[in-house]
Amino acid sequence: MKKTMKMLMLIAVMVIVALTLTGCGNTNEKDNLEGLAVYTVDEDLTGYTKCEEVEGIEFYYPSNYTVKKQSGTTAYMDPEIIGANVNVVSADFPSAYSFENYVDASIAGIKAQMKISGDINKEYINLNGRKAVKLDYLAISSGYTMKCTQVLVVKDKKAYALTIVSLEKDAEALQPKLDKMVRSFK
């Protein structure tokens with residue numbers, strides 16, 4: 001199990017590196033939200049804890065998660081689903097590309113950093129009043145298939161990426177927690 005957790009943490013760190021090294025830029029933070037699926041935090045957050053480690057955004061994670069700092073990043077580990085973890089990274093958002101260019105460059109970075117099984121599903125969403133993108137994909141490493149969900153959003157000239165990783169076999173059990181964490185990301 002420790003090998004699995006280390007492997008999942010490594011995948012999360014690789015995703016972080018891919019996203020933070022992506023050059024990106026000019027965007028209107030309140031881009032046209034018309035027609036986008038609406039994700040809002042309209043649920044009771046009892047049993048969830050507000051993330052205090054990342055400045056500029058907020059999200060809530062289950063209160064029973066273990067907080068681990070590794071490689072300059074904070075990961076939130078699920079004690080019930082071995083290897084499932086969540087992290088958030090941020091980077092300055094330079095003025096070179098649009099949000100869509102940033103998303104496309106991020107996807108290219110993900111594909112360059114890890115072996116992807118199938119396609120990366122890209123869905124633009126209205127996340128608590130901001131244009132965001134939700135990426136879902138399967139990554140393979142050391143014989144394990146991981147389900148990865150990332151939400152990318154820009155706020156106050158910073159790009160934020162919320163990444164949730166679990167073994168593919170555990171993805172369905174993690175889904176209710178994942179949905180609540182994504183909806184609370186603002």
Side-chain angles (χ1 to χ4, degrees), residues 1-24 39 48-49 51-54 57 59-91 101-125 127 132-153 159-185:
M1 289 297 173
K2 286 191 180 228
K3 180 181 177 186
T4 301
M5 278 176 85
K6 285 182 181 180
M7 186 265 316
L8 289 172
M9 285 294 293
L10 177 62
I11 293 292
V13 169
M14 288 175 16
V15 168
I16 291 165
V17 169
L19 291 172
T20 58
L21 294 179
T22 302
C24 53
Y39 283 61
Y48 281 69
T49 300
C51 168
E52 302 284 342
E53 290 78 18
V54 182
I57 57 95
F59 82 96
Y60 288 78
Y61 59 91
S63 298
N64 67 336
Y65 274 32
T66 304
V67 179
K68 301 239 182 201
K69 296 187 184 233
Q70 181 176 343
S71 303
T73 303
T74 302
Y76 306 87
M77 312 292 287
D78 190 318
E80 298 167 1
I81 302 175
I82 301 301
N85 68 81
V86 179
N87 63 63
V88 177
V89 295
S90 66
N101 292 134
Y102 168 67
V103 170
D104 291 341
S106 295
I107 290 171
I110 291 166
K111 288 179 177 179
Q113 292 288 326
M114 60 187 80
K115 183 178 178 183
I116 302 300
S117 174
D119 294 327
I120 295 179
N121 181 38
K122 171 175 67 172
E123 177 188 14
Y124 286 97
I125 61 174
L127 182 60
V133 68
K134 184 175 166 216
L135 305 174
D136 287 300
Y137 56 93
L138 298 174
I140 300 171
S141 179
S142 302
Y144 293 99
T145 302
M146 279 75 60
K147 167 77 167 71
C148 304
T149 296
Q150 293 181 307
V151 177
L152 311 173
V153 67
Y160 295 92
L162 173 75
T163 304
I164 303 168
V165 178
S166 70
L167 292 172
E168 180 184 29
K169 69 179 185 65
D170 297 325
E172 188 174 330
L174 185 62
Q175 194 64 45
K177 294 177 189 179
L178 180 148
D179 288 341
K180 195 172 262 196
M181 286 184 276
V182 168
R183 290 178 181 283
S184 73
F185 192 50

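Here the structure is a predicted model, which is why all the values come from computation and not from measurement. We count residues from 1, following the sequence as given. Just so it is clear, the values below take in all heavy atoms, side chains as well, and ignore hydrogens, waters and symmetry mates.
- In this structure the side chain of Leu135 reaches within 4.5 angstrom of the side chain of Ile110, judged on heavy atoms.
- In terms of modelled atom types and a separation under 3.5 Å, the side chain of Asp78 and the main chain of Glu80 share a donor-acceptor contact.
- With a 4.5 Å cut-off on side-chain heavy atoms, Ser106 and Leu152 count as touching.
- Considering OG1 of Thr73 and CG of Asn87, their distance stands at 6.5 Å, rounded to 0.5 Å.
- Residues Leu162 and Val153 fail the side-chain proximity criterion, which asks for heavy atoms closer than 4.5 Å.
- Looking only at side-chain heavy atoms (C-beta outward), Ser141 and Met146 come within less than 4.5 Å of each other.
- Annotation for Met77 and Asn85: closest pair SD-CB, 3.4 Å, computed over non-hydrogen atoms.
- For the pair Cys148 and Ala139, the tightest heavy-atom approach, listed with the atom from each and the gap, is SG-CB, 4.1 Å.
- Looking at heavy atoms from C-beta onward, Asp136 lies in side-chain contact with Lys147 at the 4.5 angstrom threshold.
- Atom-to-atom distance recorded for Ile81:CD1 and Asp170:CG is 5.5 Å, nearest 0.5 angstrom.
- Atom CG in Leu178 sits 4.5 Å away from atom OG1 in Thr149 (nearest 0.5 Å).
- Considering only heavy atoms from C-beta on, Val86 comes within 4.5 Å of Phe59 through its side chain.
- Partners of Tyr39 under the ring-ring contact (aromatic ring centres under 6.0 Å, His included) rule, at least two apart in sequence or in another chain, do not exist in this structure.
- A 4.5 Å side-chain heavy-atom check between Tyr65 and Lys177 finds at least one atom pair inside the cut-off.
- The two atoms that bring Val133 and Val103 nearest to each other are CG1-CG2, 3.5 Å, heavy atoms only.
- Separation of atoms CG (Asn121) and OH (Tyr137) is listed at 12.0 Å; rounding is to 0.5 Å.
- Checked against side-chain contact (heavy atoms from CB on, under 4.5 Å), Glu168 has the following partners two or more places apart in sequence or in another chain: Leu138, Thr145.
- To the nearest 0.5 Å, atoms OH (Tyr48) and CE (Met181) are separated by 6.0 Å.
- Looking only at distances, no side-chain donor or acceptor of Thr74 sits under 3.5 Å from a matching main-chain atom of Glu53.
- In this view, Asp179 and Gln175 satisfy the side-chain contact (heavy atoms from CB on, under 4.5 Å) rule, not counting sequence neighbours.
- Relative orientation of the Tyr160 and Phe185 rings is perpendicular, given thresholds of 30° and 60° on the angle between their planes.
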